[in-house]
2 protein chains.
Amino acid sequence: MQTTAGTIAPNATRTDICSAPPRRHPRPDGQDRYTISEVVAFTGLTAHTLRWYERIGLMSHIDRSHTGQRRYSNSDLDWLDFVGKLRMTGMPVADMVRYAELVREGESTYQDRRELLESTRRDVLTRIAELQDTLAVLDRKIGFYGDAGRSREGESTR
Amino acid sequence: MQTTAGTIAPNATRTDICSAPPRRHPRPDGQDRYTISEVVAFTGLTAHTLRWYERIGLMSHIDRSHTGQRRYSNSDLDWLDFVGKLRMTGMPVADMVRYAELVREGESTYQDRRELLESTRRDVLTRIAELQDTLAVLDRKIGFYGDAGRSREGESTR
DNA sequence: CGCTTGCCTGGAGTGCACTCCAAGGTCATA
DNA sequence: TATGACCTTGGAGTGCACTCCAGGCAAGCG
């Protein structure tokens with residue numbers, strides 16, 4: 001199933017007016033009724049996982065075809081993108097569901113959402129710092145094994 | 001149980017001669033026979049986890065007191081430190097066990113160990129880049145909720 | 001029409017990394 | 001010497017995030 005994934009579709013009709021990142025969708029708005037297997041191809045998630053996300057409320061109910069099959073939209077794809085980012089921060093799925101609920105509750109939850117994102121942001125900064133620390137340790141050890149492979153590293157499993 | 005955690009003990013007798021990072025141990029070498037609960041306090045791991053690490057071969061057998069209780073050494077602490085770093089990279093425990101086995105097998109495994117660390121290093125770099133990407137997305141969204149809290153973000157759960 | 005392929009559902013199963021339990025031995029302090 | 005905190009073991013249990021299964025519906029094609 002070859003799709004036009006990667007097509008640059010300028011989504012001028014969307015509502016994210018300001019500081020919008022250049023989003024690209026496989027098909028322009030209006031023709032965005034993707035089957036589950038197309039979304040699998042776009043996102044790398046499995047169909048199981050997509051259905052499960054819907055079941056637990058991480059996505060609101062997806063449009064259906066007249067026979068009941070899921071038809072995903074461009075904004076579903078955007079949401080999945082964002083969920084993927086949150087997943088990379090190590091945020092538990094339950095917290096993502098909480099965020100999704102806040103979004104569904106409407107504008108009154110702006111403050112809560114902002115706080116949640118800011119706390120996530122702090123977590124990300126911490127994690128980056130930890131990883132850079134780890135990188136330094138790895139570089140040091142790789143140095144031992146590479147250059148001075150002879151001199152014993154002070155390493156043992158105990 | 002207050003300990004002298006954080007004490008700067010110059011471990012001049014250790015074998016990591018070159019490019020050694022300034023390691024600090026709660027007690028100097030020679031008096032380093034920590035109980036499991038001391039190690040819990042130092043590392044933040046649970047006693048359960050420490051015993052489990054030993055069982056699965058992530059640590060080689062720990063010294064025991066005359067009655068069979070575990071007594072951890074400074075180099076055990078160093079190893080746990082390193083394991084903590086590897087854990088932060090998202091490396092599966094099974095891979096860490098593999099690395100531990102390589103260390104136990106001796107110098108003949110230098111090449112393998114180096115390759116493992118280098119592949120881990122690449123993973124870490126990738127992860128840092130992903131997180132920085134995520135950070136940009138978060139900052140953008142936080143901007144929406146903060147400054148122009150009124151203008152609708154192009155966000156919905158679908 | 002039959003065949004294949006794709007999709008549907010609720011519920012059960014999987015793998016990972018712990019996490020806890022029961023039953024008992026040990027150690028420090030009063 | 002007694003009390004209570006700490007330590008031991010093998011094996012079972014937990015929580016998370018999927019992952020799969022059985023049984024069935026629907027569409028496209030020779």
Side-chain angles (χ1 to χ4, degrees), chain A residues 1-3 33-73 76 79-80 82-101 120 123, chain B residues 1-3 26 33-73 76 79-80 82-101 120 123 127:
Chain A
M1 176 164 297
Q2 282 306 85
T3 64
R33 291 179 59 75
Y34 310 108
T35 64
I36 199 164
S37 61
E38 285 175 308
V39 178
V40 164
F42 300 151
T43 61
L45 297 169
T46 70
H48 296 303
T49 302
L50 287 168
R51 294 193 197 101
W52 180 67
Y53 277 3
E54 193 179 343
R55 249 196 302 190
I56 64 175
L58 185 50
M59 305 195 74
S60 45
H61 289 296
I62 301 299
D63 264 9
R64 301 298 178 115
S65 72
H66 67 105
T67 54
Q69 297 194 353
R70 288 172 183 79
R71 291 293 179 262
Y72 292 83
S73 69
D76 292 329
W79 176 254
L80 283 171
F82 179 57
V83 164
K85 299 276 185 233
L86 291 184
R87 207 163 43 120
M88 271 191 327
T89 69
M91 181 186 283
V93 167
D95 290 3
M96 297 190 228
V97 170
R98 172 80 192 124
Y99 185 83
E101 283 164 357
T120 304
D123 292 349
Chain B
M1 179 165 295
Q2 281 303 84
T3 64
R33 292 178 60 73
Y34 311 108
T35 64
I36 200 164
S37 61
E38 285 176 308
V39 178
V40 164
F42 301 150
T43 62
L45 297 169
T46 70
H48 296 302
T49 301
L50 287 168
R51 295 193 197 101
W52 179 67
Y53 276 3
E54 192 180 343
R55 252 196 299 192
I56 64 175
L58 185 50
M59 306 195 74
S60 45
H61 289 297
I62 302 298
D63 263 9
R64 300 300 178 115
S65 72
H66 66 106
T67 54
Q69 298 194 352
R70 288 173 182 78
R71 292 293 178 261
Y72 291 83
S73 70
D76 293 328
W79 177 254
L80 283 170
F82 180 55
V83 164
K85 299 276 185 231
L86 290 184
R87 207 162 43 118
M88 271 191 329
T89 69
M91 181 186 281
V93 168
D95 290 4
M96 297 188 227
V97 171
R98 173 78 192 125
Y99 184 82
E101 283 164 356
T120 304
D123 292 349
R127 188 156 304 228

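Proteins come first, then strands; the chains are lettered A, B, ... in the order of their sequence lines, and each starts at number 1.
Separating the CG atom of A/Leu50 from the P atom of C/dG6 is a distance of 16 Å, rounded to the nearest angstrom. One can place CZ of A/Arg87 at 10 Å from C1' of D/dA17, the figure rounded to the nearest angstrom. One atom, CD of A/Glu54, and another, C1' of D/dC18, lie 16 Å apart when rounded to the nearest Å. Computed from coordinates, the A/Asp63 CG to C/dC8 P distance equals 13 Å when rounded to whole Å. Remark: C1' of C/dA17 and NE2 of B/His48 are 14 Å apart, rounded to the nearest angstrom. Rounding to whole angstrom units, CD1 of residue A/Ile56 and P of D/dT19 are separated by 13 Å. Put simply, OH on B/Tyr53 is 15 Å from P on C/dC16, counting in whole angstrom units. Here the P atom of nucleotide C/dG6 and the CZ atom of A/Arg70 are 17 Å apart, to the nearest Å.
Residue whose closest nucleotide on DNA chain D sits further toward the 5' end, between A/His66 and A/Thr46: A/Thr46. Where B/Met91 and B/Thr67 each meet DNA chain C at their nearest nucleotide, the meeting point lying more 5' is that of B/Met91.
A salt bridge links B/Arg98 with B/Glu101: the closest approach of a Lys/Arg side-chain nitrogen to an acidic carboxylate oxygen falls below 4.0 angstrom.
Side-chain proximity of B/Trp52 to D/dC18, C/dC7, C/dT19: nearest is C/dT19. The nucleotide whose nearest atom lies closest to any side-chain atom of B/Pro92 is, among C/dA17, C/dC27, D/dC18, C/dA17. Listed candidates were C/dC21, C/dC8, C/dA17. Nearest to the side chain of A/Gln69 is C/dC8. Nearest to the side-chain atoms of B/Thr49 among the listed nucleotides D/dA17, C/dC18, D/dC7 stands C/dC18. Of the candidates C/dC21, D/dC7, C/dG6, D/dC7 carries the atom nearest the B/Thr35 side chain, counting heavy atoms from C-beta on. Of all nucleotides listed (C/dC20, D/dT9, C/dC18), D/dT9 comes nearest to the side chain of B/Arg64. When distances are taken from the side chain of B/Arg51 to each of D/dT19, D/dT8, D/dC18, the shortest belongs to D/dT8.
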Item to complete: Could you give me the CA-CA distance, side-chain angles and deciding distance for B/Ile56 and B/Val97, then say whether side chain to side chain contact (heavy atoms under 4.5 Å, CB included) is met?
Response: CA-CA 7 Å; B/Ile56 64 175; B/Val97 171; 4.1 Å; yes
Worksheet item: Is there a side chain to side chain contact (heavy atoms under 4.5 Å, CB included) between A/Trp79 and A/Met59 once you walk through the steps?
Response: CA-CA 8 Å; A/Trp79 176 254; A/Met59 305 195 74; 3.9 Å; yes
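With A/Leu45 as the partner, the side-chain contact (heavy atoms from CB on, under 4.5 Å) test is satisfied by one option alone out of A/Val39, A/Leu50, A/Val40, A/Ile36: A/Leu50.
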Filtered N/O pairs between nucleotides 10-15 of chain C and protein, under 3.5 Å:
{"unit_1": "C/dG11", "atom_1": "N7", "unit_2": "A/Arg55", "atom_2": "NH1", "d": "3.1"}
{"unit_1": "C/dG11", "atom_1": "O6", "unit_2": "A/Arg55", "atom_2": "NH2", "d": "3.2"}

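Under the 3.5 Å distance criterion, with hydrogens and angles disregarded, a donor-acceptor pair is assigned to the side chains of B/Ser73 and B/Asp76.
Here the OG1 atom belonging to B/Thr46 is positioned 8.5 Å from the OH atom belonging to B/Tyr53, to the nearest 0.5 angstrom.
Taking the six-membered ring where tryptophan is involved, the planes of B/Phe42 and B/Tyr34 are perpendicular, since the angle between them exceeds 60° and thus also 30°.
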